[in-house]
Structures are given as structure tokens and as C-alpha cells.
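Before any comments, here is the structure.
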There are 2 protein chains.
Amino acid sequence: MAQQPAPVVSPEVAPDGSVTFRLRAPNAQKVEVRGDWGEAVAMTKGTDGVWSATTGALKPDIYSYSFRVDEASISDPGNNHLKPGLYGTQSLLTVPSSEPQPWSLTDVPHGVVHHHFYKSGPIGDQRSFVVYTPPGYEQNRNARYPVLYLSHGSGDWQTGWVEVGKANFILDNLIAQGKAKPMLVVMPFGQTLPGSPRQQRNVAKFLDLYAKDLFNEIVPAVEQMYHVAAGSENRAIAGLSMGGGQALWTGLNHASKFGFVAGFSSWIPLERGDNFEGMLARFDPARKDNPKLWIAIGEKDFLLDNNEKLHAWLQSKNVQHSYRVTEGAHTWRVWRRYLAELVPLLFRS
Amino acid sequence: MAQQPAPVVSPEVAPDGSVTFRLRAPNAQKVEVRGDWGEAVAMTKGTDGVWSATTGALKPDIYSYSFRVDEASISDPGNNHLKPGLYGTQSLLTVPSSEPQPWSLTDVPHGVVHHHFYKSGPIGDQRSFVVYTPPGYEQNRNARYPVLYLSHGSGDWQTGWVEVGKANFILDNLIAQGKAKPMLVVMPFGQTLPGSPRQQRNVAKFLDLYAKDLFNEIVPAVEQMYHVAAGSENRAIAGLSMGGGQALWTGLNHASKFGFVAGFSSWIPLERGDNFEGMLARFDPARKDNPKLWIAIGEKDFLLDNNEKLHAWLQSKNVQHSYRVTEGAHTWRVWRRYLAELVPLLFRS
């Protein structure tokens with residue numbers, strides 16, 4: 001038997017937050033590491049065939065990254081924290097902080113995450129949705145809880161908001177701090193047709209199936225199995241990217257069903273031009289009691305232009321809403337923060 | 001911007017069950033694909049820098065595999081079905097069958113999978129366990145359910161039995177067919193000290209922490225939050241590999257607490273030589289009402305010798321047990337089948 005080479009340690013985080021990445025690839029010609037901290041970092045090959053690079057000090061956060069090896073992208077074989085996705089697998093890296101972050105796993109009471117499997121009549125396949133119940137839910141049989149419906153982006157699945165977004169820990173921490181009302185969070189699977197929104201030839205059908213699956217399958221199942229507070233004021237919908245578009249489209253076109261609608265770095269589902277009247281054909285800007293509306297996007301996000309246009313259109317129609325352009329690009333680093341900002345605002349009326 | 005190369009399609013399963021694997025690695029010198037179907041398969045490089053190989057016809061099953069690129073192992077970048085693990089990430093491949101397999105996702109009523117997060121007093125860290133509740137559990141508030149405690153192997157986590165082992169679908173199918181009693185399945189996290197069993201310097205402490213975490217934390221939490229049937233006859237424990245050793249050690253040394261104990265391809269936790277009296281110091285072979293005992297291992301498993309010795313020792317002590325040597329090696333292909341065989345035997349007394 002040939003001797004096995006020593007295992008490669010990667011990633012390695014130094015106390016100052018700089019990170020060293022390593023990859024054994026003795027015959028590669030060019031290797032770099034790309035992550036959502038910003039610029040790609042070129043790696044250099046050592047005499048042992050191991051490529052390495054060290055970043056500058058990174059701020060405490062959870063980062064996604066992958067290696068570009070000649071012409072191929074791979075996750076880090078030395079790291080078992082993974083972010084699988086429809087567009088490829090990335091690796092996850094935590095740069096720790098002295099103080100807990102909003103998404104840190106801390107020593108507070110924890111909620112439970114439930115995976116429900118079902119056959120979707122509208123979509124026709126077997127799929128699943130995920131439900132977070134807050135600490136104390138099992139003990140408080142007579143309590144009734146409001147529900148946030150929370151959708152993932154086009155590269156993810158129904159598990160993305162928990163596994164990458166840490167939604168359950170964000171809720172645990174905010175509830176423990178008294179900053180959020182105990183609530184359920186329901187995470188649907190938003191891929192209703194093959195392909196991403198950018199590949200969709202039929203945006204209307206893609207969105208219609210999302211709403212049908214939500215209203216005909218998921219909401220009835222949740223309201224049957226869990227102790228849910230009645231009334232639109234106890235129901236919110238939010239999402240990121242593709243899921244932001246789904247939340248905005250569904251929440252505004254079914255405005256009587258929701259007390260709060262939020263879009264994070266949203267795909268704006270316009271089929272042609274700036275046709276917001278078409279996109280929001282069932283939304284009446286003049287209606288009393290429209291849901292509260294919260295829109296945020298990073299200044300470096302490739303979807304910024306369309307979000308700016310939606311903001312301008314809402315202003316032109318005198319629709320009250322919160323619109324914020326924040327630091328950041330189209331990454332989970334932004335979305336965890338948006339969730340931690342949004343949740344304290346919900347179910348306060 | 002340089003033009004991106006076309007995406008590589010991998011794996012591709014032909015109707016006869018042969019599988020083509022592809023990997024872009026233009027500068028690699030040697031690439032092969034290794035999987036739990038048996039022999040490694042050498043790949044050859046095309047003019048486009050993409051290596052490929054096609055297997056013979058594989059039987060319908062779920063396989064794990066990875067690529068060996070020069071001296072490094074990587075998962076398949078073209079495949080987003082992953083099996084993360086402590087010893088590296090593998091990719092998962094399903095060769096479909098005309099008839100559903102015991103672990104197939106089929107159109108039957110589905111149970112729910114719950115993730116519970118807690119601080120373990122005995123171990124001192126934040127961790128989680130997973131609970132499967134059978135179809136109808138929420139509706140049948142007055143029913144009481146037996147519980148199978150089911151442990152993973154040293155390369156996995158508490159989610160392994162669901163994500164790779166498909167335990168929830170195996171239970172769904174057996175219950176729908178009337179072959180299994182509706183039951184809960186509770187899946188602990190079995191890594192109680194850093195490192196695998198082979199690296200343990202203190203096997204006794206490693207096992208003692210497993211039992212303490214189970215009896216002091218997990219069982220009380222489960223029996224408080226779920227509708228659980230009382231009595232040892234309604235409690236079983238099983239596991240695979242490291243978890244098989246944990247199940248055998250815990251179940252036999254605490255024989256009054258379990259009606260059934262099972263080990264799949266078990267690590268046999270002997271600290272020195274063949275000291276079964278030491279390993280099972282609290283087990284009384286002559287006791288009435290010892291749990292039923294079920295042991296199985298594949299004929300190609302590297303742990304076969306120690307399982308044979310345990311079998312002989314149990315025979316020498318006149319301990320009734322089922323012992324089977326089956327086809328297969330130390331892989332999930334065997335463990336899914338063992339679970340599907342075991343579950344119909346449980347809670348029948």
C-alpha cells in the first residue's frame with residue numbers, strides 16, 4: 001500500500017480573524033479561493049503539492065467559499081461544513097467573535113425544527129416543508145402562535161434557512177432577549193418548476209404554483225397540526241432572492257391574508273419591462289389595512305436596480321413601506337442580518 | 001471575462017444501471033472513482049480536460065462515492081446529493097428500480113422528523129437529537145408509542161440515519177404495509193469525546209458519557225414531550241458501527257431498561273483482548289427477561305472477527321440471540337437493509 005499523505009488542515013482561523021485555506025492539488029496550474037468576503041484570493045503551491053493562501057483579517061461572520069482549480073469549482077475537502085445548493089456545493093466557515101452574533105448557537109432555551117413530508121397536489125411531486133416551533137411550545141398547549149412564512153432563494157432548498165441561515169438560532173436568541181414574540185416559522189420548498197427564476201419561461205405559472213402550494217397544502221397542514229393564532233395580523237410572509245419575489249408577489253396579491261410582507265434582496269418578478277401593474281395585478285394600493293411592507297437590499301447586489309424601481313413605483317402609488325439599502329451583496333451574510341432585524345418588528349400590532 | 005466551460009454532467013445513470021462519472025481536472029495525472037459498489041474504477045481524460053468512466057450495471061440502490069484526484073479525495077462537484085462526514089464528504093447516487101425499495105420516498109402517509117437542540121449536562125456542549133414520529137401521531141393524542149433509540153456510526157452525525165439512512169422513509173413504508181408497529185425513532189448524537197472510537201484512549205468514558213447523555217437528557221426529554229408507552233418492552237436500542245457498539249454496551253449493561261437490543265456491523269468495545277466480561281460487566285446472562293438480541297454483519301466487513309467472537313461468547317453463556325452474517329461490507333447499503341429487517345420484529349411481545 002502506498003503511504004497516505006498527511007491530511008490537509010483547512011480552513012484554519014487565526015485569532016485576528018485571518019483565515020488560511022489549503023488544498024492538495026499537486027498538478028493543478030492555478031488555484032484560488034472565492035468567498036463572500038469579497039475578492040478572490042490567489043493560492044500558491046508548496047513543495048508538498050499543497051496550495052495555500054491566507055486572507056486578511058475577516059470580520060466575525062459565517063462565510064461561504066469554494067476553490068477554483070484550473071477550470072473547475074469544488075468545495076473544500078478538508079471542511080465538513082457544507083452548503084449544498086442547486087448551483088454547486090460551497091463550504092462554510094465561521095470566524096468567531098468574542099460576543100455572540102444574532103445567529104450563534106448559545107446557551108438559551110431552543111426551539112424545535114420539524115420536517116414535514118407531503119405530496120403537493122398543485123405541483124404533483126413529493127416534497128417537504130420545515131417548521132420552527134419556539135421554546136416552550138410543547139408545554140403551552142393553550143397558547144396560539146403567529147406564523148412567519150419564510151422562503152429560500154433559487155440556489156437553496158427548504159432546509160436552507162435553518163442549515164445556512166440559522167433561522168432557528170436567530171429566533172431562539174431574539175426570543176430569549178425579549179426582542180421577538182414567540183412565533184412559528186414555516187419554510188416551504190420554493191422550486192415549483194424545474195430551473196431557476198432566470199431560466200423560467202413562465203414566471204406567472206411558477207408564482208401561481210408557489211401560492212397554490214402555500215394556500216392549498218402548507219397553510220392548512222400547519223393550521224391543523226400546530227396551535228396557530230387566527231387572523232391576518234398573525235400571519236407574515238418573507239423571503240430572500242427568489243423567495244423574496246415569491247413573498248412580495250404572494251403577499252401583496254393576497255393582501256387580506258397577511259399582516260406583514262418582507263423581501264430580502266428580492267428577485268422582482270416582472271415578466272416584461274417595468275410592468276408593476278401586471279406583477280401586482282391583484283394588489284390595491286388604496287385598500288385599507290394593507291400589510292406592512294419591508295424591503296431591503298445590499299448596495300452591491302445585482303438586483304438593486306429592480307428593487308429601486310419597485311420602491312419608486314410604491315412611492316408613486318403612496319404605498320407605505322420601509323425601504324433600506326444596506327451594506328453587502330447577494331449573500332447569506334446579508335440575509336441572516338435582515339432576518340434578525342425583521343423578526344422583532346413582527347406581530348406587534 | 002473568460003468564457004465559462006460547459007457544466008459537467010455527473011453522475012449519469014443509464015437505463016441498465018450503468019453509471020457514467022465525469023470530472024473536469026485538465027491537469028490531473030490520475031483520477032479514479034471509488035464507491036461502495038466494490039472496486040475503484042479508473043477514469044480517462046478526454047481532450048476537453050474532462051475525465052470520465054462508466055461502471056458496469058449496478059443493482060438498484062443508494063451508493064456513496066468520491067473521486068481520487070492524484071493524492072486527494074473530493075466529492076463530485078456535479079452532484080448536489082452529499083453525505084458530509086467526519087472523515088470527509090462523499091457524494092450519493094441512486095440507481096433507480098422499477099419497484100420501490102424499502103427506503104424509497106413513496107406516495108404513502110409520511111411521519112415527521114423533529115430536531116431538538118439541548119445542552120448536555122454530562123458532555124457539556126450544545127448538541128441535538130432527532131425524533132421521527134409516525135403518520136397520524138398528531139391526530140392520535142391518546143395513543144402511546146414505543147420508542148426505538150437508533151445510533152449512527154463514527155463518520156456521521158445525528159442526522160445520518162435520516163439523510164443517508166432514510167430511516168423515516170423505511171418506517172413510513174413498513175407502517176403503510178402493515179409490517180411495522182407505529183413507533184417513535186430517536187436518533188442521538190453519539191460523538192461524546194473528540195475523535196473516533198479507534199482514536200479513543202478512554203473507551204469506558206466514551207461509552208459512559210453516551211449512556212449518561214441518553215438516560216439523563218434524551219430519554220427524559222422524549223418522555224416529557226412525546227406520548228411514549230411505558231415499560232422496557234416498549235423501548236429498543238440499536239445502532240450501526242460505533243453506534244452498534246454503543247447500543248450493545250448500553251442495552252446489555254442496562255438490560256432491565258430495554259426489550260430489544262440490536263447491533264449492525266458493530267464496533268465491539270473491548271478495551272483489552274477478548275474481555276467480554278469486562279465489556280459487559282453489568283450484564284447477567286442468567287437474568288430472566290433479558291432483552292431480545294439481534295446482531296448482523298456483512299461477510300466483507302472489517303469488524304467481522306470481533307462480531308464472530310461476541311457471537312461465540314454469547315453462545316458460551318447460553319444467551320439467546322439472532323446472529324446473521326449477510327452479504328456486504330461496512331456501508332450504508334447494508335445498514336438500510338438491516339433497519340428494514342429489524343423494525344418489523346420490534347414491539348411484538
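Here is the naming used below: chain letters follow the sequence lines, and residue numbers restart at 1 for every chain.
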For [X], which atoms come within 4.5 Å of any heavy atom of chain A: side chain, backbone, both, or neither?
| X | answer |
| --- | --- |
| B:Leu23 | neither |
| B:Ser128 | neither |
| B:Glu138 | side chain |

* Asked: If you draw a 6.0 Å radius around NZ in B:Lys45, do more than 12 non-hydrogen atoms from other residues or ligands fall strictly inside?
  -> yes
* Looking only at heavy atoms, which two atoms of B:Pro26 and A:Glu71 are closest? And how far apart? ->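 The pair with the smallest heavy-atom distance is CG-OE1, 4.5 Å.
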Based on non-hydrogen pairs under 4.5 Å, which of [options] is most in contact with chain B?
| options | value |
| --- | --- |
| A:Thr89, A:Val131, A:Val8, A:Asn79 | A:Thr89 |
| A:Leu105, A:Val162, A:Val130, A:Asp172 | A:Leu105 |
| A:Leu82, A:Thr133, A:Val112 | A:Val112 |

* Asked: So do A:Ser73 and B:Pro77 actually touch side chain to side chain, heavy atoms under 4.5 Å?
  -> no
* **Selection from B:Thr106, B:Val69, B:Val113, B:Ile74 maximising heavy-atom pairs under 4.5 Å formed with chain A** =>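 When all of B:Thr106, B:Val69, B:Val113, B:Ile74 are compared, B:Val113 has the most.
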* To do: Could you check which of B:Gly85, B:Gly78, B:Ser66 has the highest count of heavy-atom pairs closer than 4.5 Å to chain A?
  => B:Gly85
* Asked: With under 30° as parallel and over 60° as perpendicular, where do the rings of A:Phe169 and B:Phe117 fit, or are they tilted in between?
  ->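 Taking B:Phe117 first and then A:Phe169, their aromatic rings stand perpendicular (interplane angle over 60°).
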* B:Gln126 vs A:Asp107, side-chain contact (heavy atoms from CB on, under 4.5 Å): CA-CA, chis, key distance, verdict -> CA-CA 7 Å; B:Gln126 296 278 342; A:Asp107 188 10; 3.3 Å; yes
* Is it true that the side chains of A:Asp70 and B:Asn27 contain a donor and an acceptor less than 3.5 Å apart? ->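 Judged by distance alone, the side chains do pair up.
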* Would B:Gln139 and A:Gln224 satisfy side-chain contact (heavy atoms from CB on, under 4.5 Å), going step by step from the backbone distance to the final call? -> CA-CA 9 Å; B:Gln139 287 76 46; A:Gln224 188 198 351; 3.7 Å; yes
* **B:His115 ring center near A:His115 ring center (under 6.0 Å)** => yes
